[in-house]
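Working notes, structure below.
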Amino acid sequence: MSRDEFSGLKAVVTGGASGIGLATAQLLADRGARVACLDLKPDDVPEPLLGVRADVTDDAGVRSAIEEAAHLLGGIDILVNNAGIGAQGAIEDNPDDEWRRVFDVNVFGIVRVTRAALPHLRRSPSAAIVNTCSVAATAGLPQRALYSATKGAVLSLTRATAADLVRDGIRVNCVNPGTVDTPWVGRLLERAEDAEAERAALEARQPMGRLVATDEVAAAIAHLASPLSASTTGTDLAVDGGMQGLRLRPRN
Ligand code: NAD
């Protein structure tokens, strides 16, 4: 892949201060893009990335953060909607407020950021949106009812938005990671009764027998965002160690 693949392009990554978002922002910058990370914690964003404070649940704040990013970058060609939060439990376990909160970040957050960025994306000759979805959108995982419902919505929203924007020259795709080795999963393991056993179970669930690396998800997002993928829209790309598509026989 050319080091200059994203040369001259400007990218905004939400949730870009940690995990998948940070790895994606760094990869896009390594390949020549100028990148702004919109996050609750902009001070955690390392140079040369630009940190811009934004809470994706605050519409006015999102609009001003997108304008600030567009001003700092000189436009927006690529939007990576990656900010997200988790939730555990079956359908009866989460109170209504938590349902509203997780949808507010994971789904309505994408709506707010995308509609604020659209005027800039419409001016780009090479516009692309990539949403961070999840294997939880395509496989039934235990104890993830609320989280999975949000990611199912992200998958449908990705396809519908791709249809609405194809004639504007804006491509819209998503990635579906399996369990990725990020601070998020670190926090999940900290809360487990037996962290080692929990990690081993998460690794065993993926046919490759290990967690996905953040750089691997970043590479998939960069692939979808790249001008080289100009005919790809409305797709979801699994980055899950085979979790969605493979059915292995148990080892003897
Ligand atoms: P992470 O916790 O390491 O990073 C998430 C970032 O989002 C943080 O920097 C956080 O400050 C930011 N953020 C959270 N709420 C925000 C808000 N309201 N406004 C702005 N920024 C906010 O998490 P991660 O594991 O890198 O996850 C990133 C995305 O990947 C999420 O959408 C998540 O659902 C998805 N995902 C993660 C995994 C996994 O196993 N880690 C698997 C599939 C999908």
Side-chain angles (χ1 to χ4, degrees), residues 12-27 36-46 49 51-66 69 79-88 98 100-114 116 130-139 141 144 146-155 157-158 174-191 198-199 201-203 205-206 210-218 220-221 236-241 243-244:
V12 167
V13 180
T14 70
S18 173
I20 293 169
L22 178 58
T24 300
Q26 286 175 319
L27 183 62
C37 297
L38 268 53
D39 204 291
L40 297 170
K41 301 174 186 165
D43 297 340
D44 289 358
V45 174
L49 308 172
V52 177
R53 212 204 101 74
D55 178 344
V56 299
T57 66
D58 168 14
D59 190 45
V62 162
R63 287 179 192 278
S64 72
I66 284 289
L79 170 62
V80 181
N81 280 311
N82 166 80
I85 57 174
Q88 293 181 57
E98 193 180 1
R100 287 192 196 96
R101 167 84 194 143
V102 182
F103 265 86
D104 204 13
V105 177
N106 291 7
V107 184
F108 305 153
I110 293 181
V111 176
R112 293 184 189 98
V113 177
T114 303
V130 184
N131 297 326
T132 306
C133 190
S134 171
V135 67
T138 55
L141 307 181
R144 291 291 183 277
L146 164 52
Y147 179 71
S148 301
T150 68
K151 293 300 183 177
V154 172
L155 181 60
L157 186 63
T158 299
C174 69
V175 290
N176 290 344
T179 306
V180 188
D181 208 350
T182 68
W184 166 323
V185 170
R187 292 190 295 272
L188 202 81
L189 293 178
E190 271 168 25
R191 284 200 302 271
E198 179 68 14
R199 188 181 173 98
L202 291 174
E203 288 171 345
R205 192 167 66 168
Q206 302 190 155
R210 63 170 177 83
L211 299 189
V212 176
T214 53
D215 286 348
E216 294 169 332
V217 184
I221 293 173
D236 55 297
L237 177 55
V239 193
D240 62 2
M243 186 173 165
Q244 174 61 41

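First listed ligand is number 1; within each ligand, the first listed atom is number 1.
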May I ask you to check whether [X] has an N/O atom sitting below 3.5 Å from an N/O atom of ligand 1?
| X | answer |
| --- | --- |
| Tyr147 | yes |
| Ser134 | no |
| Val180 | yes |
| Val185 | no |

Atoms of ligand 1 less than 4.0 Å from [X] heavy atoms?
| X | answer |
| --- | --- |
| Ala54 | 19 (N), 20 (C) |
| Arg187 | 2 (O) |
| Thr182 | 24 (P), 25 (O), 26 (O), 41 (N) |
| Thr132 | 29 (C), 30 (O), 35 (C) |
| Gly84 | 31 (C), 32 (O) |
| Thr179 | 40 (O) |
| Asp55 | 17 (C), 18 (N), 19 (N) |
| Ile20 | 26 (O), 30 (O), 37 (C) |

Give the minimum heavy-atom separation between [X] and [Y], together with the two atoms involved.
| X | Y | value |
| --- | --- | --- |
| Gly86 | Val102 | O-CG2, 4.2 Å |
| Val175 | Ala220 | CG1-CB, 3.9 Å |
| Val239 | Val212 | O-CG2, 3.4 Å |
| Arg53 | Ala65 | O-CB, 3.7 Å |
| Pro177 | Thr132 | CG-CG2, 4.2 Å |

Nearest-neighbour protein heavy atom for [atom], which is reported as residue plus atom name and distance:
| atom | answer |
| --- | --- |
| atom 19 (N) of ligand 1 | Val56 N, 3.0 Å |
| atom 27 (O) of ligand 1 | Trp184 CE3, 3.5 Å |
| atom 1 (P) of ligand 1 | Ser18 OG, 3.6 Å |
| atom 7 (O) of ligand 1 | Gly15 CA, 3.3 Å |
| atom 9 (O) of ligand 1 | Asp39 OD2, 2.7 Å |
| atom 15 (N) of ligand 1 | Leu40 CD1, 3.7 Å |
| atom 32 (O) of ligand 1 | Asn82 O, 2.8 Å |
| atom 42 (C) of ligand 1 | Gly178 O, 3.0 Å |

### Derivation and outcome, salt bridge (charged side-chain N to carboxylate O under 4.0 Å, His left out), residues Arg199 and Asp181
CA-CA 10 Å; Arg199 188 181 173 98; Asp181 208 350; 3.2 Å; yes
### Task
State whether a side-chain donor-acceptor pair under 3.5 Å links Asn81 with Thr114.
yes
### Task
May I have the step-by-step check of side-chain contact (heavy atoms from CB on, under 4.5 Å) for Thr182 and Ser18, ending in yes or no?
CA-CA 8 Å; Thr182 68; Ser18 173; 5.9 Å; no
### Query
When the ring planes of Tyr147 and Trp184 are compared, do they come out parallel, tilted or perpendicular, using 30° and 60° as the limits?
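If you compare the ring of Tyr147 with that of Trp184, the planes turn out perpendicular.
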### Query
Cys133: heavy atom below 4.0 Å from ligand 1, yes or no?
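It does; at least one heavy atom falls under 4.0 Å.
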